[in-house]
Structures are given as C-alpha cells and as structure tokens.
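Please read the structure below before turning to the comments.
Atoms considered below: every heavy atom in the structure, side chains included; atoms not considered: hydrogens, waters and symmetry mates. Quick note on labels: first sequence line is chain A, next is B, and so on, each numbered from 1. Remember, predicted model here, so these are calculated numbers, not experimental data.
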Amino acid sequence: MEVTVSMDPLFLAWSSCRRRRFQRCADICSTLLAESPYDQEPAATATAAHVSEAVWSLKTRALTEMVYIDEVEVEQEGIADMMLDESSIAQVARPGTSLRRPATSQAGAPTPAVRPMTQSGRPITGFVRPSTLSGRPETMEQAIRTPRTASTARPVSSASGRFVRLGTASMLTHPDGPFINLSRLNLAKYAKRPNLCKTLFEYIFHHENDVKTALDLAALATEHAQFKDWWWKVQLGKCYYRLGLLREAEKQFRSALAQQEFVDTHLYLAKVYQRLDQPITALTVFKQGLDHFPAEVTLLTGIARILEEMNNMSSATEYYREVLKQDNTHVEAIACIGSTHFYTDQPEIALRFYRRLLQMGVFNCQLYNNLGLCCFYAQQYDMSLSCLERALALVSGDEEQADVWYNLGHVAVGIGDLTLAYQCFKLSLAFNNNHGEAYNNLAVLELRKGHIEQAKAFLQTAASLSPHMYEPHYNYATLSDKVGDLQSSFTAAQKSEDAFPEHVDTQQILRSLRQHFSSL
Amino acid sequence: MPEVKSMFREVLPKQGQLSMEDVPTMVLCKPKLLPLKSVTLEKLEKMQKDAQEIIRQQELALKEQPPSEKAE
C-alpha cells in the first residue's frame with residue numbers, strides 16, 4: 001500500500017485505465033478533480049491547468065470505456081422505423097435484391113422442412129448478432145410480437161430502444177448527477193482543442209447517448225479541422241446514422257473514405273446500405289474494402305452475413321470458411337458453419353465444429369444444447385443427455401430453458417419415450433408460453449393418444465403464435481381432412497402453402513380437396 | 001441349422017401388384033439449434049441487466065425512506 005500512496009495519482013489512474021480497471025481509474029480521477037476542479041476557476045499555474053485537463057480527459061475516457069460497445073455491431077430497428085420506412089424504393093422488391101424478400105428458391109437454400117425458420121421467414125442462424133433481428137415483418141401485428149431470436153421485445157422506435165436505456169443506466173450510477181453537464185458545455189471552445197474534444201465526443205456519444213449534442217460538437221470540430229480530418233467525418237456519419245439520416249451518413253462515410261481508406265469506415269458504410277435495404281450495394285462496398293485490405297476478417301464476415309440473410313447458404317459458408325482460414329478462432333464462423341452442417345444432415349461434422357468451440361473456451365447453455373443435439377443425431381447417445389443436462393444447468397433465462405426442454409423433447413421422441421417427450425414439451429410451455437413449436441409437437445403427441453379435440457386446440461394455438469411455420473397449418477389441414485371438415489382443411493392447407501410453397505404433402509392435400517370441391 | 005432351413009421356406013411372389021398407400025402423417029417441428037450470442041450482444045444484455053438491478057435497488061431504497069422520514 002505504501003507504494004500506491006507515494007505513486008503519482010495521475011500516473012496510477014492512467015495505468016489502471018490501461019489495465020482496463022475503469023472504475024478505479026474514474027474514482028482516482030474524481031478525487032483528483034475534487035481537489036482541483038477543471039474548468040471552474042482559473043488555475044494557479046499553467047502546469048496545474050494542464051494536469052487537471054489531463055485528469056478530466058482521462059475520466060471521460062474511462063467512463064466511456066465502461067459502457068463502450070462496438071458501434072459496427074449494434075443495430076436495432078424499432079417498429080416505427082420498420083413499418084414507416086421512407087427509404088424503400090419499391091414495395092415489392094425483385095427477389096435477390098432485398099433483405100426483406102430473400103430469394104427462396106435458390107439451389108442449396110434450406111427449406112423449412114429441415115431447418116426451422118424465424119419469424120421473418122429466414123432460416124435460423126448459428127449466431128445471433130444484434131442485426132439478425134432486422135428481418136422485416138409484413139404486418140404491424142407481426143412486428144409487435146416478440147422476436148424469437150432475442151430475449152428483448154422490439155422497441156417502438158430505435159430511439160426508444162437500447163440506446164436510451166443505456167443512457168439512463170449511465171446516469172443512474174452517479175447519484176450526484178452527471179459528470180459533465182452537457183447543456184452547460186461550451187462546445188465551440190472544446191471544438192478548437194483537438195486533443196480534448198475527441199474523448200469528449202466519445203463520452204457524449206457512448207456514455208451520455210446525446211446524439212444531437214455529439215453531432216453539434218462533431219460539426220464544429222470538423223469545421224475547425226477544415227474538413228480535412230477523416231475521423232470527424234466518420235463520427236458525423238455515426239451521428240447521422242443514429243438519427244436515421246441515412247443518406248447524410250452515407251455522404252460523410254464516402255467523404256471519409258476518399259480521404260483515408262479504413263476498414264471501419266467500409267463497415268459503417270455497408271451498415272448504412274443494409275439499413276437502406278440495399279444488400280447488393282453493401283456487398284459491393286465490402287468487396288471494394290477487400291481490394292484495399294485483402295482477406296480482412298471483418299469484411300469477409302460482413303459478406304457472409306449478408307449472403308446468409310439473403311438465404312444463399314452455400315456462398316455464405318464459403319465466405320465463413322475463408323474467414324476461418326484467416327482466423328481459426330472466429331466463433332461466429334464456426335457456429336454458422338456448424339449449424340449449416342447440422343441442418344444439411346451432417347451432424348457428425350457439426351459436432352466437430354461445436355467441439356472446437358468448446359475447446360476454445362466457449363462455455364454456455366447454447367453451446368451445450370447444440371452439442372447435445374449433434375451428439376444425439378450423430379448416434380452418440382451417451383454424451384447427448386449429459387450435454388443437455390449441462391445446458392439446463394447453465395441456463396440464464398426462461399426462454400432458453402424452454403428451448404432446451406423443447407430439444408430434450410425431441411431426444412425423447414427419438415428414443416420412443418413418448419411420456420417423457422410429452423412432459424418435456426409441457427415443461428417447455430411452462431417456461432415460455434409462446435413456444436409455438438412445442439404446441440405443435442404436443443398436438444402431434446395428443447393425436448397419437450387419440451385426443452382429437454385437444455390436438456386441434458394445440459394446433460390452433462401454435463398456428464396463431466407462429467404463423468410463419470408451416471407445420472401447424474399442415475397438421476391442422478390433415479387432421480380436419482381426416483375428420484371430414486374439408487373447408488377448414490382447405491384454409492389451413494392454403495396457409496401452409498403460403499409458409500412453404502414447395503411442400504409436396506400440402507400440395508397433395510390441396511389437389512385432392514380441389515377435386516372434392518369441383519365434383520360437388 | 002439345415003433342418004430349420006427346410007422347415008421355413010422363403011416366399012417371394014413373382015407376379016401380382018404391390019400397392020402402397022401414402023398416408024399423410026403429422027409433422028413435428030424440427031429440433032432447434034440455439035444460436036450463440038456475440039460478445040457485443042452479451043455485453044449489452046449484461047449492461048441492461050445491471051441497470052435494471054440498480055433501478056430496482058433505488059426503488060427499494062425509495063420505498064424504505066418515507067417511513068423513516070415520518071418517524072423523524
């Protein structure tokens with residue numbers, strides 16, 4: 001302790017910041033600032049002023065780092081942004097040019113018969129990123145429903161989403177009020193001091209989440225730099241993007257790229273195009289980036305993500321493999337290739353990929369669940385149950401728990417223990433009452449027991465909970481057909497056809513029903 | 001063993017039709033691999049959870065305060 005007392009506190013603070021002990025750094029800075037407040041009174045000497053300036057700047061940095069999240073990754077569209085989209089060009093885009101209507105009939109694209117779909121009609125991915133949510137629903141009702149891929153409900157607008165909550169979170173941790181009072185800040189003064197204003201900007205942008213003030217500061221600063229600093233242009237673009245002014249953001253990023261080629265800028269620019277629903281342009285941006293930075297992992301991942309969202313699984317996998325050649329510990333690539341193998345009927349290979357993740361130290365419920373499923377379908381029954389048990393032990397939320405029980409139900413169905421399967425699906429529903437898949441499977445089990453009315457009720461619930469799945473519609477159609485209710489069988493079969501046009505059995509039911517009706 | 005063979009003879013029909021009816025069966029939903037979470041997403045969720053925890057604690061503290069003020 002003697003050493004720490006005698007050490008220069010500013011140096012200690014700086015060192016803690018470098019060792020990522022931000023809370024400690026901020027605390028030391030606070031005490032230092034309490035002794036000689038910056039910006040309050042004229043300091044006694046020039047050196048003292050410089051020191052308190054440095055402390056102030058260091059504290060902004062530490063506070064920013066505490067809540068810093070990679071801006072490239074973050075994407076959350078609110079309902080309002082999605083439904084009231086001004087930037088869309090065509091109501092019905094050509095297939096293959098829009099993320100909204102991914103081309104479905106591509107060779108190698110997985111069908112819902114083997115790979116479950118998310119609400120947006122896209123096969124589930126092996127990896128959730130914040131932007132996986134951006135598949136757009138068709139109707140308002142669907143938009144309001146909680147997306148199945150993340151545990152949070154979709155916010156009304158992106159401005160009311162995570163960002164605001166994060167902002168208030170940072171306020172809460174300081175009972176004496178915010179560190180910097182933004183409304184009393186003389187932005188013009190700071191804009192003239194490049195060494196201070198970059199940290200200040202990041203503080204306002206990330207910690208306070210006050211995008212408008214950040215934008216003002218960035219505008220002043222870029223003016224002071226005579227529009228020659230690409231960094232400020234990128235920051236301006238980020239602010240515009242957050243405010244939803246996508247075309248302005250695009251201009252800033254393009255201008256920054258003209259000045260200085262940088263990987264991040266390419267990523268931001270591609271993000272703008274993705275938001276504008278122009279995946280082809282985004283791909284072009286990534287490829288241009290790859291010309292300057294060959295084999296850059298983030299750019300390759302970006303391409304793979306877009307291809308995956310456009311249902312082009314085979315090319316996406318190619319790119320993920322390319323990523324793995326550069327960086328063989330890339331979790332996202334391994335997870336995505338693994339899930340693709342699982343759903344293309346190669347659970348043994350999928351198992352190898354997931355095992356690799358386990359070796360790398362990923363240790364969570366999702367991974368064990370996937371391992372359990374892969375083991376089961378690769379006929380390694382001894383491991384399967386213990387993996388799923390461990391997944392249950394590591395569960396962090398009710399939705400996850402529901403999903404693990406749902407998968408356990410599948411294992412039970414596989415070994416023919418229908419009582420266990422029934423209990424598993426029931427448990428899954430106990431944890432998440434909106435689990436459409438579990439309802440559907442329960443209905444099938446009920447029907448095996450001969451409880452037709454109960455099965456019908458479950459199927460109807462499943463169909464209303466997740467209208468994007470074809471299974472409940474198809475099952476309802478078959479069931480109604482058997483009991484002679486041809487009209488509801490026909491409507492259900494039509495819904496099933498909407499969800500999965502290539503399904504042969506649905507086509508058969510529809511054909512026979514049409515024959516019946518025409519002969520009447 | 002040879003005796004058993006003589007007892008049961010294999011019957012393989014050489015003519016006649018083989019018919020099979022394709023009965024529509026119910027479909028189970030497929031098993032679901034859970035997607036892994038990105039580091040950013042995990043950090044976001046952790047920060048949200050922490051913030052909610054702090055809010056809850058503050059609310060609890062607020063609830064406990066009024067009686068003590070009355071007592072004073």
_Below 4.5 Å, heavy-atom pairs only: which of B/L33, B/V27, B/T25 has the largest tally toward chain A?_
B/L33

*Is a side-chain donor or acceptor of A/N370 paired with a backbone partner of B/L34 at a separation under 3.5 angstrom?*
yes

*Residue part contacting chain B, namely of A/L459, when any heavy atom lies under 4.5 Å*: side chain

*Contact origin within A/V411 toward chain B - heavy atom pairs under 4.5 Å*: neither

_A/E471 vs B/K30 side-chain heavy atoms within contact, under 4.5 Å_ = yes

_For the interface with chain B, which of A/F376, A/Y470, A/Y68 has the highest count of heavy-atom pairs at distances below 4.5 Å?_
A/Y68

*asked:* Counting only non-hydrogen atoms closer than 4.5 Å, does A/S339 touch chain B with its backbone (N, CA, C, O), its side chain (CB onward), both, or neither?
replied: both

*To the nearest 0.5 Å, how far apart are CD in A/E332 and CG in B/L36?*
10.0 Å

*Do A/N407 side-chain atoms and B/P31 backbone N/O form a donor-acceptor pair below 3.5 Å?*
no

*Measure the CD-CE distance between A/E446 and B/M26 for me, rounded to the nearest 0.5 Å.*
11.0 Å

*Measure A/N441 against the heavy atoms of chain B and call it side chain, backbone, both or neither at under 4.5 Å.*
both

_Under 4.5 Å from a heavy atom of chain B, the part of A/L373 involved_ = side chain

*What part of A/L445 is in contact with chain B, defined as an atom under 4.5 angstrom from a non-hydrogen atom: side chain, backbone, both or neither?*
neither

_Region of A/N364 in contact with chain B, defined by heavy-atom distances below 4.5 Å_ = side chain

_Sequence-distant partners of A/C375, side-chain contact (heavy atoms from CB on, under 4.5 Å), two or more places apart_ = A/L351, A/Q380, A/M383, A/S384

*Give a yes or no on this: more than 12 heavy atoms of other residues, nucleotides or ligands lie within 6.0 Å of atom CG of A/L358.*
yes

*Is a side-chain N or O of A/H410 found less than 3.5 angstrom from the main chain of B/K32, in a donor-acceptor match?*
no

